[in-house]
Asks: 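Have a look at this one before I ask anything.
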Amino acid sequence: MIVLSPSSTSPSPPSPLPLDSQLSGFPIALLDPSTPEDFVLSLTTPLLQEPSNGKVEPRAAFKAYMGKPDMTSEECLAWKDLSGSPDPRCAPMGGQSVWATFPFDLSSSPSGGTVMVASKMDGRTLFDGRVPAGDEVVSALITELMVAKAIGGLGEEVKSKISKRIIFASFSSESSGSLGSTKFFTDTLSPFTCPNPTNPAPTNATKPLPYDPSSPTCLNPLYPSLRFSSLPTTVPTTISLTNIGSGGSTLYSHGYNGPDPSSQSQIQTILTSLSLTPGVSSTLPESPLDTLVNMRPDETMGAVVSSYDGEDPIKGTVYDTFDRVSLTNIASAATAVSRAVLADSVVGVSSMSITDAVTFAISSLPSIDPSDPDLVTLASCLGFKGSVCPLVERSIKEEDDRNALRTGYGLGYSRPMSSPPSYGGGVYTSDSSRPWAYVGGKVIAGTDMGTERWEDEGGFVSVQVSELEATIKSLLNYYLRDRDGGDVECSNDSDCSVVQSSSCGFSQVCSQSVCTCDVASYHPSFDLGLTSVNDTWIGGASWEVNGDVTDTMLMTEPFWRDIGTVVYSHGVEGVGEGLMTALAVMMFMASIVGGCVLRGRARKKRD
């Protein structure tokens, strides 16, 4: 790392270097906020000299005005252009979490409560475009999916003994202040009533089209599906997954028992009975369980499963790649967690003790082999191939076809995984995971659709999800499918229109080329401190600060993809691409100075 400022002619290294800087994987220049562009150009001009071309005149310019240097997130989101029209300089962090239940039928709640398997969908490094998060995110996602496969494959006799609802949840934007889990638990742990739900089964195409055939759409506030409102409002027993694959062969269970901190919770007892080592770290590893501990500390019971007794020192760096992850660890963790979920859900059934329930789970669920074809495929796709993996391509095509069949509009996807995949957090705009409505020939992205206008003119609600979000939803549908009677192959939802299932009660959808119940749902993930303002532009992102919520981090991201810098040579051809890239990186770092406050003003309290 080098530190540059206009007052210094020679770079000087800071001491000591922060860990993140040592592990960033590329040189970093820290620029003083007052550093002018001319100074940056004077440093980079020597890099752009090539003997065969003589002197090169580098030119650089910002593509758009990004606001004053000390702009806050609130000011950035409320920015208006000279005409007074909303023109935000940034967007709030957010996305769509994905959750599913087993069994699917939400009309009847199992008597024993709820048990959840949770993971997160994003990590963080210096740049959101380079977040491999191989162990922090990918190993946990794969473990959760393999647990879903194991539970979904249980026979009818075993399933009949389950007394708890099992929830699988992958939360979006967890690295931006636990947005996904906070929004989900805020919406589900308290009774939710929609004042104006749409008809879930419209009689003709001129009426509003529901987003979810099994659930109404709420118009104000805008929720494409109200399935979540049928979940129990009790705090679920939660097993959070993180850093499963790189810490060694020992798997740790870090327990939390809010009702009685002096003793182990039932789920922690079960996990340790399944050969997981109790963690002795003074703090829980970072995971979605933190959200429940913060929201309902006295009611929360759960555990964090990890291959570390503490945090992975490589976490949050570009060195957290998937090639350091052990598939043997993932297989062992998935085996233990699937058995723990089953055991926890049958304790007390037919007077089963914890010991009896663990024995029952072991006999019902065989060990998962590291060479399991699904495990190997998930590792290849989510760990290495990303966007070019057939599994991912199939998932987003099915999602796109579903939108086209339902509304006449194929949306594609909002954010690619890239190849190799990157797991940086997303932003919450109407062309990137934010729900929107098409009403009276206009696109509206906001909170209030206007019931009378909606009913009079008709329309539909939709959401453009990311490749990862679509992939997780498709896989949960596939692994939790009803397997009685065999699979029916499909290419899109129209092939499943006549397929009925007693476990879902309505026409099925196409998931991984097989007709399945649509057991998985999206759930919006954004900062509770913001309220969206209605827009008539699909790319709009107008927001107001919610004055009733003052304890959120309010993290935003400048529109780097649309703003950034333009760097080019003037008058001389033949400048090497690598040299131009060097200048681009320097200018990009300079632009971060102007925008870092927009994302860096994360705080626990707002004045």
Side-chain angles (χ1 to χ4, degrees), residues 20-21 23-26 28 91 93-98 119-142 144-145 170-177 179-180 242-246 286 312 314-325 377-393 395-396 399 412-429 431-433 464-473 475 525 555-564 581 584-585 588-589 592 595 599:
D20 283 354
S21 301
L23 299 175
S24 62
F26 47 84
I28 299 175
M93 306 303 293
Q96 290 287 330
S97 299
V98 184
S119 63
K120 63 185 212 174
M121 299 170 68
D122 60 285
R124 56 178 173 264
T125 62
L126 185 60
F127 295 119
D128 279 345
R130 193 181 185 192
V131 188
D135 197 18
E136 178 188 3
V137 173
V138 184
S139 70
L141 281 175
I142 295 175
E144 180 179 350
L145 290 169
S170 297
F171 294 115
S172 170
S173 307
E174 285 297 284
S175 295
S176 301
L179 299 184
T242 186
N243 291 97
I244 298 297
S246 69
E286 180 186 9
D312 176 9
I314 306 299
K315 177 180 177 178
T317 74
V318 296
Y319 288 94
D320 183 14
T321 54
F322 192 74
D323 52 15
R324 61 195 287 260
V325 170
T377 298
L378 291 172
S380 175
C381 287
L382 301 183
F384 298 105
K385 292 183 178 180
S387 294
V388 301
C389 173
L391 183 152
V392 174
E393 294 172 336
S395 300
I396 199 64
E399 180 78 18
Y413 55 85
S414 65
R415 192 171 69 255
M417 290 177 65
S418 302
S419 183
S422 179
Y423 291 87
V427 292
Y428 198 69
T429 62
D431 55 358
S432 180
S433 298
Q464 191 173 9
V465 297
S466 72
E467 278 191 334
L468 178 61
E469 291 161 355
T471 299
I472 298 301
K473 183 178 187 294
L475 288 169
S525 165
M555 296 181 72
T556 57
E557 178 180 285
F559 290 126
W560 296 121
R561 297 171 182 85
D562 298 329
I563 298 177
T581 300
V585 169
F588 182 72
M589 293 304 298
I592 287 180
R599 188 164 183 179

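The first residue in the sequence is number 1, and the count goes up from there.
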Asks: Of all the heavy-atom pairs spanning Gly123 and Ser175, show the shortest one and how long it is.
Replies: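 Closest approach of Gly123 to Ser175, heavy atoms only: CA-OG, 3.4 Å.
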Asks: Does Thr242 reach the side chain of Ser119, with side-chain heavy atoms less than 4.5 Å apart?
Replies: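 No, side chains not in contact.
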Asks: Using the test side chain to side chain donor-acceptor pair (under 3.5 Å), find all partners of Gln96 that sit at least two apart in sequence or belong to another chain.
Replies: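 If we apply the side chain to side chain donor-acceptor pair (under 3.5 Å) test to Gln96, skipping adjacent residues, there are no hits.
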Asks: With rounding to the nearest 0.5 Å, note down the distance linking CG in Asp320 to OG in Ser246.
Replies: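 Going from CG on Asp320 over to OG on Ser246, the span is 6.5 Å.
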Asks: Applying side chain to side chain donor-acceptor pair (under 3.5 Å), can you list everything that pairs with Ser139, at least two apart in sequence or on another chain?
Replies: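 Per chain and number, Ser139 pairs via side chain to side chain donor-acceptor pair (under 3.5 Å) with Asp135.
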Asks: Less than 4.0 Å between a side-chain N and a carboxylate O, is that true for Arg124 and Glu286?
Replies: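 The answer is yes: the pair qualifies as a salt bridge.
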Asks: With Ser432, which residues qualify under side chain to side chain contact (heavy atoms under 4.5 Å, CB included), at least two apart?
Replies: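 Ser414, Arg415, Val427, Thr429.
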Asks: With sequence neighbours excluded, what pairs up with Phe384 under the side chain to side chain contact (heavy atoms under 4.5 Å, CB included) test?
Replies: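 Per chain and number, Phe384 pairs via side chain to side chain contact (heavy atoms under 4.5 Å, CB included) with Phe322, Asp323.
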Asks: Could you pull out the closest heavy-atom pair between Pro132 and Val318, with the gap in Å?
Replies: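 Closest approach of Pro132 to Val318, heavy atoms only: CG-O, 3.5 Å.
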Asks: Quick one: list whatever passes side chain to side chain contact (heavy atoms under 4.5 Å, CB included) with Thr377, sequence neighbours left out.
Replies: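 Here the qualifying residues are Cys381, Leu391.
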Asks: Under the side chain to side chain donor-acceptor pair (under 3.5 Å) rule, collect the residues that match up with Glu469, sequence neighbours excluded.
Replies: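 Checked Glu469 against side chain to side chain donor-acceptor pair (under 3.5 Å); matches are Ser433, Ser466.
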Asks: Okay, side chain of Ser173, backbone of Ser525: is any donor-acceptor separation there less than 3.5 Å?
Replies: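 Side chain of Ser173 to backbone of Ser525, a donor-acceptor pair under 3.5 Å: no, none is there.
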Asks: Should Glu467 and Ser395 count as side-chain neighbours, where that means a heavy-atom distance under 4.5 Å?
Replies: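 They are not in contact (no side-chain heavy atoms under 4.5 Å apart), so the answer is no.
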Asks: How close do Ala140 and Ile244 get, heavy atom to heavy atom, and via which atoms?
Replies: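 Answer, listing the atom of Ala140 first, then Ile244: CA-CG1, 4.2 Å.
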Asks: Please check if the side chain of Ser419 supplies one atom and the backbone of Lys385 the other of a donor-acceptor pair under 3.5 Å.
Replies: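 A pair under 3.5 Å: yes.
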Asks: Walk me through whether Leu382 and Ile142 qualify under side-chain contact (heavy atoms from CB on, under 4.5 Å).
Replies: CA-CA 8 Å; Leu382 301 183; Ile142 295 175; 4.0 Å; yes
Asks: Quick check for you: to the nearest 0.5 Å, what is the distance between Gln464 atom CD and Glu399 atom CD?
Replies: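 It comes to 10.0 Å.
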Asks: With the threshold set at 4.0 Å, does a side-chain nitrogen-carboxylate oxygen contact exist between Asp312 and Arg324?
Replies: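 Answer for the salt bridge query: yes.
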Asks: Applying salt bridge (charged side-chain N to carboxylate O under 4.0 Å, His left out), name anything that partners Asp122, two or more places apart in sequence or on another chain.
Replies: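 Expected list: none.
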Asks: Between CG of Leu141 and CD1 of Ile472, what distance do you get to the nearest 0.5 Å?
Replies: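 One finds 5.0 Å between CG of Leu141 and CD1 of Ile472.
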Asks: Got a donor-acceptor contact below 3.5 angstrom from the Thr317 side chain to the Tyr319 backbone?
Replies: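 Between the backbone of Tyr319 and the side chain of Thr317 there is a qualifying donor-acceptor contact (under 3.5 Å).
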Asks: For the CG atom of Leu468 and the OG atom of Ser170, what is their distance to the nearest 0.5 Å?
Replies: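 Going from CG on Leu468 over to OG on Ser170, the span is 8.0 Å.
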Asks: Quick check for you: to the nearest 0.5 Å, what is the distance between Met121 atom CE and Phe171 atom CZ?
Replies: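 These two atoms lie 11.0 Å from each other.
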Asks: Do Met417 and Ser422 touch side chain to side chain, with heavy atoms closer than 4.5 Å?
Replies: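 Side chain of Met417 against side chain of Ser422, heavy atoms only: no contact under 4.5 Å found.
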Asks: Sequence neighbours excluded, which residues qualify as salt bridge (charged side-chain N to carboxylate O under 4.0 Å, His left out) partners of Glu136?
Replies: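 So Glu136 forms a salt bridge (charged side-chain N to carboxylate O under 4.0 Å, His left out) with Lys120.
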